Structures are given as structure tokens and as C-alpha cells.
Amino acid sequence: MRHKNFAAFCLFVYLCFNCSSPKPLDNQILIIPKPSEQTVKPVQFILKDIYAVSAENDLADASVYFMNQIDNVIDIKLDPQNKRKVEFIENLDIEDEGYYLDVSKNSISIEAKDSRGAFYAVQSLLQLFPDNAGENNEIVIPCVSIKDSPQFKYRGMHLDVGRHMYSVDFIKKYIDALAMLKLNTFHWHLTEDQGWRIEIKKYPKLQEIAAFRDETLVGHYSDQPHQFDGKRYGGYYTQEEIKAIVAYAEERYVTIIPEIEMPGHSQAAIAAYPEFGCSGEQVEVAKKWGVFEEVYCPSEKTFKFLEDVIDEVVELFPSKYIHIGGDEAPKTRWKNCSHCQELIRQNELKDEHGLQSYFIRRMEKYINSKGRQIIGWDEILEGGLAPNATVMSWRGTSGAVEAAKAGHNVVMTPTSHCYFDYYQSENEDEPLAIGGFLPLEKVYNFNPIPEELNESESKYVLGAQGNIWTEYMPTEDQVEYMAFPRMLAMSEVVWTNPEHKNYEDFVSRVEHFHKRLDALDINYANHLYEIEGASTSSATETTFELTTPSKGKQIRYTLDGTVPNLESNIYNKSIPITESVTIKAAVFDDEKQLGSMFSQDINYHKAVGAKITIDKNPHKAYQGSGAEGLINGINGSDKRFGDKEWLGFWGEDIFVEINFKKPVDLTTIKMRFYNGQGQWIYAPKSIAVTWYYLDRAPTMYQSIEPNGLITNVSADFGMGEEIKDVKKIIIRVENYGIIPEGKQGAGNKAWTFIDEIIVN
Ligand code: ACM
Ligand code: ZN
């Protein structure tokens, strides 16, 4: 055997003999969130038997965390003289939370300004461990050099424990996951209409009454009639448990922001203490989901109660921010309360929104007096923002824009990209969720900086957060299913430099990360082998494209309704559509089907491929596949208004114009509207169609009122007879208007969601 480069050969032999069993050198770094700069060297560091650890100043904390993690994987001894060493070095030039990590053949060096940055270096280092770390009592780490620092300083995940609650161990596991992904804030939503979950010693009825509901809604809120499980449900976290959780989080550089909701979402507290409501009447802890009219009455005794609660909360939570909620507080009770009306007069407030602002400002003053700041949902902008408040923007991004332009800090959590209670797949087998559609890619592509902000205003955007509302998550497994892998995408949104973000690259890292999640016993969703379809029309043809997020696999499909198998056609270019068909497809490797089957009916109706325009752009969060999607032969999902088909318009009337390629003879026009009142989506108030003919004056077909109470309203203009030579149609869709009192989102504009317009 001859080798041109004998020295390289010796190194190769040395490396191989240095490992007790040969392991592939992983030449890719698969860390999530992706670091700013990374290079791999073709050697490896082997941790076994004995090593040295040194740490400067307060970096010792991170070194202790590291040693504990190593002890969990292998038996190893410390010897300060050993040449195999891990050094934690203070470097004050590195940015906040940033770090350098250098793994070379004999040593690992971690540099950071403080222990927090060093802790993130350790998290990256732990992610370099191979899947078989610990086998033969050793850990083989690829040699790398990484320089890294975050994009945003607020990197959060939220968890609602009001609707359902979870064990202390689970909360710790959740915090561990945040830390692993370099997320630094846990927004703990502790009080709700359906349950008060934090022990407040001064008010024992919060524990006895507010912490328990008599029973819980079964199925979806929109299933009628409502049914209940007949089982008492509840509990709360004791102050001792909370202290332990806060300490656990602190060790992992996770700040917990507690949320105590006010003035709305407070029915549980009012059930325990009816005197804090406007009527003083007894109410029950809520048993179903939604927005309730029982809100705190801004009386002196209510403020005393809330101040007492805050006193205990600030003792438990050292966070700079206290979240005071502020969202979804109906004003009905205040309108009918003589005390509230008197307060409006005395303080010369404009109306009940002014009273909401008065409420929040007063609580802000108290919380500021404790050396803390308030953060609240964007409704705290109503009636004027409290002077030092930070806004959590959830109803789109306009609240954030308004607040940032006024010089207030904001945290971005718009429903469109950050609500992990929405469905993540269009697969009909998904476990029941609240609605919506927020796939992994949409989370990944979120840019927390709203485009309306200039560079200096953008500085007020502290970061972003994924929200987990738990109406439909009764178990810890279900929380994990909804949180993962979307939490991985969110970590990259807030940590990774946008220049280094790439969805395909991310997906390949997620695929690899599955093993890590398995090892952590996290019940993640896997939709990487699912297929997405998209139809495209040009002047000459309509085609259908199939894609899957994962690489190196094959899509096989059929057009005759049969189930695809290893013998079916391999998809390699888009499929021409010339008639109604059913496309079935699945992802395969060489041996088997990997994901679930995709199935799409295409209804090749008379408007498919026509020219369509809408006089307004859909809301930027709900653009589906554009206006063409309304006549592509594909119906929007019955369950997911956020899919590629539905177009969402917020509060606007729209005119849709369809120009046929050549005049057509028509008998029906059918339109589908989404009806999801819990998500503020209402069928239109009216719909009218005007017909334009080849050779006659246009006529308007009567305006109809769709039946607004069923899901997926369809407005069916069945004319009964064929209408000849129609050149174009114009459809006017009138928005529902303002959401009435007593409904979720009351007082806000309703959304209209439309797909598809079916012409036959
Ligand atoms: C919210 O989702 N009600 C903040
Ligand atoms: Zn009142």
C-alpha cells in the first residue's frame, strides 16, 4: 500500500486507533438554533477517563452545569493537571449572551463575558455530542470553532396553565427545553377564567375555590350543543413549588415572567371573591373556553386585592417584568355598573376603554413602585398606553407598530406566526386543536421586525415568543406535540442572524434533532415526510406541484384514486391538470412509505384558469396562494383557515372580478366562507354577483345573506337555468361588521375568509 502523503496517513491511523470503535466524523454542525459562524476541523476531541476543567470568575456556574451534564453521560474523573482540558475563559469583549467555542484535539475552550454566554456555549457543545455519546464510556466530539451571539434579547415561550395544568416536573422539563434552545424567557400564564394556579396566602379562597372548576367542555367549542365531562378539575402551584421552579429556571438562565390577568379573564378569582366583580353576584369558575363578561370592577377593594396579590408575586418572581394581561376584557359589566360609570365621570375618562387604561395605569404605578415594569397584551394600548409599559403584540403587528413608534418596547407574538395552539399540518388526523394553521415553515420564516418600523424604531422590538394556549391540550404529551418542533423554529427566529437562516438547511437539522428529542422523551410532531400540493395556472395551462420538506426521498403518486406504493410513478415535474382528478401521493425511501398519504381532489370547474382580481390585498398574514387560489379547483380546508387556500380580509368589503378566457355558459356559482367565530371569523353580511355578457347589458343577481351559523358557509347562486355567454362576473362580498357583545373579540372588526369560488 502506497500513500502519497504518509503524514496524513499516520494521522488517519492515529485517529482511528485513538477511538475504541471507529465513528464517522460528522462534517456538519447541526446545532439549533444555528450559530453565527462555525467551522469544522477534520479531527475530534475524545472525552473519557479523566479531564481537567478550569473556569475564570463567574463562569464557574456554567462549568459546574457542564460537569453535571458530563456526569450524566459517562464516568469520568477530574484532575486539574490533565492535558485533556475544558477551559472557561472570561472575555469582556464578547457581546451579551454571546460566546466563542473552540474544540481542538486536546482541549475545549469556551469564552464569554459571563456565565450566561458560557452556558450557551455549553448548550452548543452538548448538541455536538453524537447520538451514541456514552457508549464505551466516552464522548467523541468533532473539533469545531464557533462564534455566536443572539439577534434578540427577548427569546420566549409562553405556557397557559389556567385551562389545563401540568406537573412541576413537566414545567422543569419545559424550562430545560427552552435552555437547550437558548430561549431565555418563560412567560407563565398563571390565572384564567377556568382556574387560578398560583398560591396567594392572603386569599385562601383562590386555592379553595378559584383553583377548581366543576367540569370541562368536551370536544371543540364550536361543536353544538356544548357537552361536559362531569369531572372536577384543578389544582395550583404552591409557593414552595414556584420558588423551586424559579430557582431551577435561574440556573438555566431562563427568566420567568408571571402573568396575573386583569381586568378580564378573571372569572375564577371572581367566583372565589364575588365582591371584586361589578354585580357582586356569585359566578362559577368557567367550565368552557372563550371570553367571559365577568371582569374585575375597578373598586378600591379590587385594587387592594390585586396589590396584595402583586406583593406576593414579586416576592416569588425576581423578573423585571410582571405581565398583567389586559386582553379580551368585555366592557358590558362596566357599562352597567354605577361605580364604574361614576369613576369614568370623576376622572373625565372618555368611555370604558378609558377605564381600562385607568385600570392598567393604576396597576402600573403600583408595580413600578415595587421596582418592576409591566408588560401586557396589546389591548393595553386602548384608551392610551401606561407610561412605562411594554406591549406584547398578538392581534397582528399593528399594536407593536403603534407602541414602538411611541417609544415603547414590544415583544412580538402575532397569532399568524406565534400561536402554537393552531394546527401545524393539514392532515385530517391531527389531534383536535383550536383552529388556524401554523406550519413549521411559517414559524421559521417569521421576521419579528414589522416592516412599518424604521431602523431606530426597530430597536424597540425586544424579540418574539411562541404561545401555548392549552384549551385543547389536556396532557403534557399534547403540549409537547404542539410545542415541538415549532419551538425549534422559534429559537432560530429569535437567535439566528437572518442571513444564516435557510429553511431547507433547518429541516435537515430538525430531522437529525429528532433523535435528541427522543432521548429527552419529548413527544414531538413529525410532519417532515408530509406532502404539500400547490396548483398554478398560466395563460395556457393549470398544473399541480407536490413538495415535501425533507431531502433525499422520493414522492410517488397516482391519479386514479389508488393508494400509491413503491411501484407508483415517481414525481419529478408538476402534473398537468385538464380535468377533475384525485391526486394521491406519499414520501418513500427505497424500502417503505415514510409519512402519511396526501390526497387532493381537484374540481376542474369553469373558472379554473380564468383571470381573477380582487380590489384589496388580503391581510398579509392570510394571503393563501393569492387571488388565483380562489379559482384553482381546490377547496380551503374545513378546519384550517390559515392554509394555502383561504384568503383573509380584516373588516373590509371586497370586490372580486373574474374574467373568463372565453365566454362561458353557467348555471351555478358557489362560494365558500369560513365561519370560526371563536377566532373572530364571520361569514359575510351579504354577497351580490353582477354578470357581464358578451352582447347584453350586465345584470345583478340578488344579494343573499349566507347562513352565518354553520361552519363553512356556502353561498350558492343556483340560477336554475343556464345563462349563456358570460364574459365576466363581479362579486361583492360585504364584511360582517363589528363583532357583537358577548362573542369572542366583541367590539373588533370581524374577519372574512373566502375560498373557493366554484363556477359551473
Ligand atoms: C390572547 O391570545 N388572548 C392574548
Ligand atoms: Zn364596576
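It should be emphasised that the depicted structure is a prediction, and the values quoted were computed from it without experimental measurement.
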Check your understanding: Taking only residues at least two apart or on different chains, which pairs with a member in residues 551-568 satisfy salt bridge (Lys or Arg N to Asp or Glu O under 4.0 Å)?
Key -> E504-K551, E511-K553
Point to revise | Side-chain donor-acceptor contact under 3.5 Å, H164 with Q478 | key: no
Check your understanding: Between I32 and R509, which heavy-atom pair has the shortest distance, and what is it?
Key -> CG1-NH1, 3.6 Å
Practice item. Side-chain contact test, heavy atoms from C-beta onward, threshold under 4.5 Å: evaluate it for Y481 versus D477 and give yes or no. Key: no
**Study point:** K644 (side chain) donor-acceptor with G533 (main chain) under 3.5 angstrom
**Key:** yes
Review point. Taking atom NZ of K611 as the centre, does the number of heavy atoms from other residues, nucleotides or ligands within less than 6.0 Å exceed 12?
Key: no
Exercise for review: Can you sort out the partners of D755 under side-chain contact (heavy atoms from CB on, under 4.5 Å), two or more places apart, ordered by chain and number?
Suggested key: L630, E645, W646
Exercise for review: Taking the six-membered ring for Trp and the single ring otherwise, decide whether the centroids of Y472 and H220 are under 6.0 Å apart.
Suggested key: yes
Review point. Looking at residues at least two apart in the chain, or sitting in another chain, which of them share a ring-ring contact (aromatic ring centres under 6.0 Å, His included) with H527?
Key: none
Exercise for review: Look only at the side chain of N502 and the backbone of D505, and say whether a donor-acceptor pair between them is shorter than 3.5 Å.
Suggested key: yes
Point to revise | Under 3.5 Å: donor-acceptor pair, side chain of D665, backbone of D725 | key: yes
Check your understanding: Is it true that the NZ or CZ of K606 lies under 6.0 Å from the centre of F660's six-membered ring and within 45 degrees of the ring axis?
Key -> no
Practice item. Ignoring hydrogens and angles, tell me if any N or O in the side chain of E756 forms a donor-acceptor pair with the backbone of N632 under 3.5 Å. Key: yes
Exercise for review: List the steps and the verdict of side chain to side chain contact (heavy atoms under 4.5 Å, CB included) for V507 and Y444.
Suggested key: CA-CA 10 Å; V507 163; Y444 190 80; over 6 Å; no
Check your understanding: So, do W495 and L181 sit near enough that their side-chain heavy atoms are less than 4.5 Å apart?
Key -> no
Practice item. Mind checking the CG-NE2 spacing from D131 to H514? Nearest 0.5 Å is all I need. Key: 12.5 Å
Revision key, fill the gap. Closest heavy-atom pair, S124 versus L101, reported as atoms and distance to 0.1 Å, is CB-CD2, 4.1 Å
Exercise for review: Compare all side-chain heavy atoms of V479 with those of F170 and state whether any distance is below 4.5 angstrom.
Suggested key: yes
Check your understanding: With L559, which residues qualify under side-chain contact (heavy atoms from CB on, under 4.5 Å), at least two apart?
Key -> Y557, I575, I583
Review point. Quick check: does any side chain N or O of Q677 sit under 3.5 Å from a backbone N or O of Q679, one acting as donor and the other as acceptor?
Key: no
Exercise for review: Let me see the working for K501 and E492 under salt bridge (charged side-chain N to carboxylate O under 4.0 Å, His left out), right down to the final yes or no.
Suggested key: CA-CA 8 Å; K501 276 175 67 188; E492 213 139 297; over 6 Å; no
Review point. For the side chain of N445 and the backbone of E441, is there at least one donor-acceptor N/O pair under 3.5 Å apart?
Key: yes
Check your understanding: Do you know the tightest heavy-atom contact between L183 and M157?
Key -> CD1-CG, 3.8 Å
Point to revise | Pair Y524-D518, side-chain donor/acceptor within less than 3.5 Å | key: yes
Review point. K34 and D148: which non-hydrogen atoms are nearest, and at how many Å?
Key: O-OD1, 4.5 Å
Review point. Roughly how far, to the nearest 0.5 Å, is the CH2 atom of W289 from the OG atom of S222?
Key: 13.5 Å
Exercise for review: Please confirm whether F641 and W751 have ring centers closer than 6.0 angstrom.
Suggested key: no
Point to revise | Backbone N/O of S36 and side chain of H500: donor-acceptor pair under 3.5 Å | key: yes
Review point. Less than 4.0 Å between a side-chain N and a carboxylate O, is that true for D638 and R672?
Key: yes
Review point. Counting distance only, does the side-chain N/O of K442 pair as donor-acceptor with the main-chain N or O of A621 below 3.5 Å?
Key: yes
Practice item. Measure across P448 and F152 and return the closest heavy-atom pair with its distance rounded to 0.1 Å. Key: CG-CE1, 3.7 Å
**Study point:** D160 side chain near D421 side chain, heavy-atom distance below 4.5 Å
**Key:** no
Exercise for review: Supply the atom-to-atom distance N603 CG to D601 CG, rounded to the nearest 0.5 angstrom.
Suggested key: 8.5 Å
Check your understanding: Any donor-acceptor pair under 3.5 Å linking the side chain of T413 with the backbone of S393?
Key -> yes
Study note, to complete from the structure: Heavy atoms of M412 and P450 approach each other most closely as CE-CG, 3.8 Å
Check your understanding: D615 and I654: side chain to side chain contact (heavy atoms under 4.5 Å, CB included), yes or no, with the steps?
Key -> CA-CA 6 Å; D615 70 325; I654 55 168; 3.8 Å; yes
Exercise for review: For N760 and T668, indicate whether the former's side chain and the latter's backbone hold a donor-acceptor pair under 3.5 Å.
Suggested key: no
Point to revise | Donor-acceptor pair between N735 and T752 side chains, under 3.5 angstrom | key: yes
**Study point:** Check: F129 and I141 side chains under 4.5 Å, non-hydrogen atoms
**Key:** yes
Point to revise | Any side-chain heavy-atom pair of I669 and W691 under 4.5 Å | key: yes
**Study point:** From CA spacing to verdict: side chain to side chain contact (heavy atoms under 4.5 Å, CB included), F673, V733
**Key:** CA-CA 10 Å; F673 297 96; V733 178; 3.8 Å; yes
Review point. Are any non-hydrogen side-chain atoms of L440 and Y503 less than 4.5 angstrom apart?
Key: yes
Review point. Hey, mind stepping through L520 and F484 against side chain to side chain contact (heavy atoms under 4.5 Å, CB included) and telling me if it holds?
Key: CA-CA 12 Å; L520 295 169; F484 296 93; over 6 Å; no
Quick one: side chains of residues 541-548, donor-acceptor pairs under 3.5 Å with protein atoms, not counting sequence neighbours, listed by atom name and distance.
residue: T542; atom: OG1; partner: S537; partner atom: OG; Å: 2.9
residue: T548; atom: OG1; partner: L528; partner atom: O; Å: 3.3
residue: T548; atom: OG1; partner: E530; partner atom: O; Å: 3.0

**Study point:** Test side-chain hydrogen bond (donor to acceptor under 3.5 Å, both in side chains) applied to K173 - qualifying residues, sequence neighbours left out
**Key:** E480
